[in-house]
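Down below is the structure, laid out as structure tokens.
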Protein chains: 2
Amino acid sequence: MSNSPTIKDVAAKANVSVATVSRVLNGLSGFSVETEKKVREAMASLGYQYNAIARNLKMKKTNTIAVLIPRVETTFYLNILNGIEDAANDQNYSMMVCHVGISGSRTREYIKMLTERQVDGIIGCSLPPDEGIDKLIAESGVPCVLVSTLSTRYSIPYIRVDDCEAAYAATSYLIAKGHKSIAMLAGTKDDVVAGKLRLEGYQKALADHRLPMDEELIEYTGFSYETGLQAARKLLKSQKKFTGIVACCDEVAVAAIMAAYESGLSVPEDFSIIGYDNTRTAEMAIPPLTTVSQPLYEMGKRAFQMLTGLLENGIRPESEIMPFEIVERKSVRQV
Amino acid sequence: MSNSPTIKDVAAKANVSVATVSRVLNGLSGFSVETEKKVREAMASLGYQYNAIARNLKMKKTNTIAVLIPRVETTFYLNILNGIEDAANDQNYSMMVCHVGISGSRTREYIKMLTERQVDGIIGCSLPPDEGIDKLIAESGVPCVLVSTLSTRYSIPYIRVDDCEAAYAATSYLIAKGHKSIAMLAGTKDDVVAGKLRLEGYQKALADHRLPMDEELIEYTGFSYETGLQAARKLLKSQKKFTGIVACCDEVAVAAIMAAYESGLSVPEDFSIIGYDNTRTAEMAIPPLTTVSQPLYEMGKRAFQMLTGLLENGIRPESEIMPFEIVERKSVRQV
DNA sequence: CCCTGCAACGTAATCGTTTACTGTAATTAA
DNA sequence: TTAATTACAGTAAACGATTACGTTGCAGGG
């Protein structure tokens, strides 16, 4: 099997130099129409395939970015990925998806691999807080922007919604619907944004509306369906009274609905619940889930733009706070 | 900002040749322990970073594969991706995820980009049948294996379950539960495997059990929740009587449950339903969905192994049929 | 008629690796 | 003692592009 032809072969066949071939290939100036025709014919007749690796080496640029996500099981990242990919495609970038694991365990080796492969930039999605992933990224020197999270120690630009405010709004929504005893399925204590901030918003809303706060109505669930289900079962088995639940994410909210189903309760008749994220999971739940909507697709798109702004124009991106909204469906009732 | 150091710099600092540096870098033989120490110290003190692009160029191998998926919105691909990624990681491959669109519209440009970027291989997941994507792949010459689909015109190796048999089993399961009038939410007519074969399985099961087949109980739904919902509503609004539904995938099954919910019906009291795929969607549905389970994670893993077997040892992979099983949950009742 | 300027190319260095050849000294076998 | 082998290491040519710089020829101005 013969090797695939290079610009050298094309040049030979067309009786021009490699420089000229390169020039027509890249749409530069410096050749006549006849020359272009010759070159294009030579390319066609040889079945020439462009080799981007050689270009990458010479140009020290790969037009590739990596997206780091902790989990692939959840639909949460899909919209973000979608947004990133659409934007990347527009600008001729490729996207590598790196599943770094919920504990960030694979991150170290991934970052190493990515720097070796000379990716131009990294987008980190809601990275787990524990392992100092931000440190690894910062030290690698690869340009990065964060989505739906932030770094407390390093000034990596981020894009996210104000989680505290959003959780405040979600809680206030329940209160406005007449709920006075509201539980929270909180994520994890150590997750700075999705855990801590959302919990704070919940607590602040209760305080501002002069509702009592009961520590036993707060259950730490993680952000997955499985862990959420455990916690929700526990909450329901405790004899605590409540009429509303604020969940840290849609999956956990659905887990709570499932726990209700298991014990013969139903939503919103027996209790109301509001989710967070507005993923497809929320839409497909029964009953359809009222939830806080994050503009995930837009956030992904914007993150990519911030990154390329940095890469190609050297603009140090400003972090951005995106708007959220509450989408009303069927999981909350007026009491 | 100084350029990052290369093996040349390392060689200079350690007073050896680049060949030697390369040798210690790759763990080959041909150097003494003292030399190795010198080299490693030089690398450390310079903060040397390996450049994989240069290697890729020289070796004509990128250790990168691309995974083509039609949609990113669904959870169906997540398990497959997970399997592929785990296997890839083990063997030091990177994975690029390419969202080619449900109509395969972006495939042409993607294939071009991928060949330019010299990916070593492609894994195609349940590619849409219409656009001759298999043709594009075959013509590109990039080694490929297919997951959960097949190519009728080109002999691209595939790995999938026997969709006809699985749909037959699903339908038979309903029949065994006493259902005599069974509808099907079929995918699309032109999808060779997930559409046509599953429909055939359904029809064959009815025939073998001497149940009448009613064309009006077959509704073509596509494979998404949204299109499934439309079709399910239509089926429920028609005055056709049935007690069971075979769905072409979990998302469509959940859509049917939603349609039931909308019209005040409930599952499995008013009708039973069995899904297909056993994605997380099935597990999280209310009621939890009885469904045909495909070993998606394993299939992804296996697909990668087949691909590398081809790439690294030149073994032309044999297509494989994977086993399925029916996982019983709560969406089917005995009549 | 000479000089300038520009369009249209070609030459060759370069990007950072790998590795086929060599070369040398030390070790081993005979 | 000598020839053969081995361990250790260096030289330089690839890999397939890009591009700075140089060259040529010709049009037009003076």
Side-chain angles (χ1 to χ4, degrees), chain A residues 1-40 42-43 46-64 92 112-113 115-120, chain B residues 1-40 42-43 46-64 92 112-113 115-120:
Chain A
M1 193 160 61
S2 69
N3 279 326
S4 52
T6 72
I7 55 169
K8 242 177 200 161
D9 303 315
V10 175
K13 178 123 190 170
N15 270 315
V16 298
S17 73
V18 292
T20 298
V21 177
S22 176
R23 279 189 276 253
V24 343
L25 222 36
N26 292 297
L28 304 176
S29 60
F31 50 85
S32 63
V33 284
E34 308 100 83
T35 307
E36 171 165 11
K37 187 151 170 282
K38 276 196 301 181
V39 170
R40 296 216 179 277
M43 295 199 312
L46 291 173
Y48 170 73
Q49 299 262 18
Y50 188 82
N51 184 325
I53 299 295
R55 161 178 248 259
N56 292 344
L57 176 59
K58 176 67 192 180
M59 308 295 268
K60 301 188 176 203
K61 180 147 192 325
T62 53
N63 269 49
T64 303
N92 240 54
K112 180 160 177 287
M113 176 188 253
T115 54
E116 285 186 356
R117 282 167 187 263
Q118 317 290 116
V119 298
D120 295 333
Chain B
M1 193 159 63
S2 69
N3 280 327
S4 53
T6 73
I7 55 168
K8 244 177 199 161
D9 302 316
V10 175
K13 178 122 188 171
N15 270 316
V16 299
S17 72
V18 292
T20 300
V21 177
S22 176
R23 279 189 277 254
V24 343
L25 222 36
N26 291 298
L28 305 176
S29 61
F31 50 86
S32 64
V33 284
E34 308 102 83
T35 307
E36 170 166 13
K37 189 151 169 282
K38 276 196 299 181
V39 170
R40 296 216 178 275
M43 296 199 312
L46 289 174
Y48 170 73
Q49 299 263 18
Y50 188 81
N51 184 327
I53 299 295
R55 161 179 247 258
N56 292 344
L57 176 59
K58 178 67 194 179
M59 308 295 269
K60 300 185 177 209
K61 179 147 195 321
T62 54
N63 267 52
T64 304
N92 240 55
K112 180 160 178 285
M113 175 189 254
T115 54
E116 285 187 357
R117 283 169 187 263
Q118 318 288 119
V119 297
D120 295 333

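Chain letters run A, B, ... following the sequence lines, proteins first, then strands; residues in each count from 1.
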Quick one: how far along DNA chain D does chain A reach, first to last nucleotide 5' to 3', anything under 4.0 Å to a heavy atom? D/dG16 to D/dT19

Start at the 5' end of DNA chain C and walk down; is the nucleotide closest to B/Leu57 or to B/Arg23 reached first? B/Leu57

Side chains of B/Leu46 and B/Lys13: does their closest heavy-atom pair fall under 4.5 Å? yes

Does atom NZ of A/Lys112 have more than 12 heavy-atom neighbours, drawn from other residues, nucleotides or ligands, at distances under 6.0 Å? no

Both B/Arg55 and A/Val33 contact DNA chain C. Which one's nearest nucleotide lies toward the 5' end? A/Val33

What's the shortest heavy-atom distance between B/Ala11 and B/Ser17, and which atoms? CB-C, 3.7 Å

Just checking B/Lys61: does its NZ atom have more than 12 heavy atoms from other residues, nucleotides or ligands closer to it than 6.0 angstrom? yes

Walk me through it: do A/Arg117 and A/Thr64 pass the test side-chain contact (heavy atoms from CB on, under 4.5 Å)? CA-CA 9 Å; A/Arg117 282 167 187 263; A/Thr64 303; over 6 Å; no

Measure from CZ on B/Phe31 to P on C/dT24 and round the result to the nearest Å. 23 Å

Contact class for A/Asn15 vs. all strands (heavy atom < 4.0 Å): base, sugar-phosphate, or nothing? sugar-phosphate

What contact category does B/Val16 fall into here, base, sugar-phosphate, or nothing, at under 4.0 angstrom with non-hydrogen atoms? sugar-phosphate

Using a strict cut-off of less than 4.0 Å between a Lys/Arg side-chain nitrogen and an Asp/Glu carboxylate oxygen, indicate whether B/Lys38 and B/Glu34 qualify as a salt bridge. no

Taking any heavy-atom pair under 4.0 Å as a contact, classify A/Asn56: base, sugar-phosphate, or nothing. nothing

Classify the nucleic acid contact of B/Thr35 as base, sugar-phosphate or nothing, counting any heavy atom under 4.0 Å across all strands shown. sugar-phosphate

Should A/Asn26 and A/Arg55 be marked as a side-chain contact (heavy atoms from CB on, under 4.5 Å) after you check the CA-CA gap, both sets of side-chain angles, and the distance that decides it? CA-CA 11 Å; A/Asn26 292 297; A/Arg55 161 178 248 259; 3.7 Å; yes

NA contact type, B/Glu36, heavy-atom cut-off 4.0 Å: base, sugar-phosphate, or nothing? nothing

Output the rounded distance in Å from CE (B/Met59) to P (C/dG16). 18 Å

Indicate, with a heavy-atom threshold strictly under 4.0 Å, whether A/Thr6 touches base, sugar-phosphate, or nothing. sugar-phosphate

If each of B/Lys58 and B/Ser17 is mapped to the nucleotide of DNA chain D with the nearest heavy atom, which maps nearer the 5' terminus, i.e. the 5' end? B/Ser17

Contact class for A/Thr20 vs. all strands (heavy atom < 4.0 Å): base, sugar-phosphate, or nothing? sugar-phosphate

Under 4.0 Å, counting only non-hydrogen atoms across every strand here, what does B/Lys60 touch: a base, just sugar-phosphate, or nothing? sugar-phosphate

Figure out the CD1/P separation between A/Ile7 and C/dA12, and round it to whole Å. 16 Å

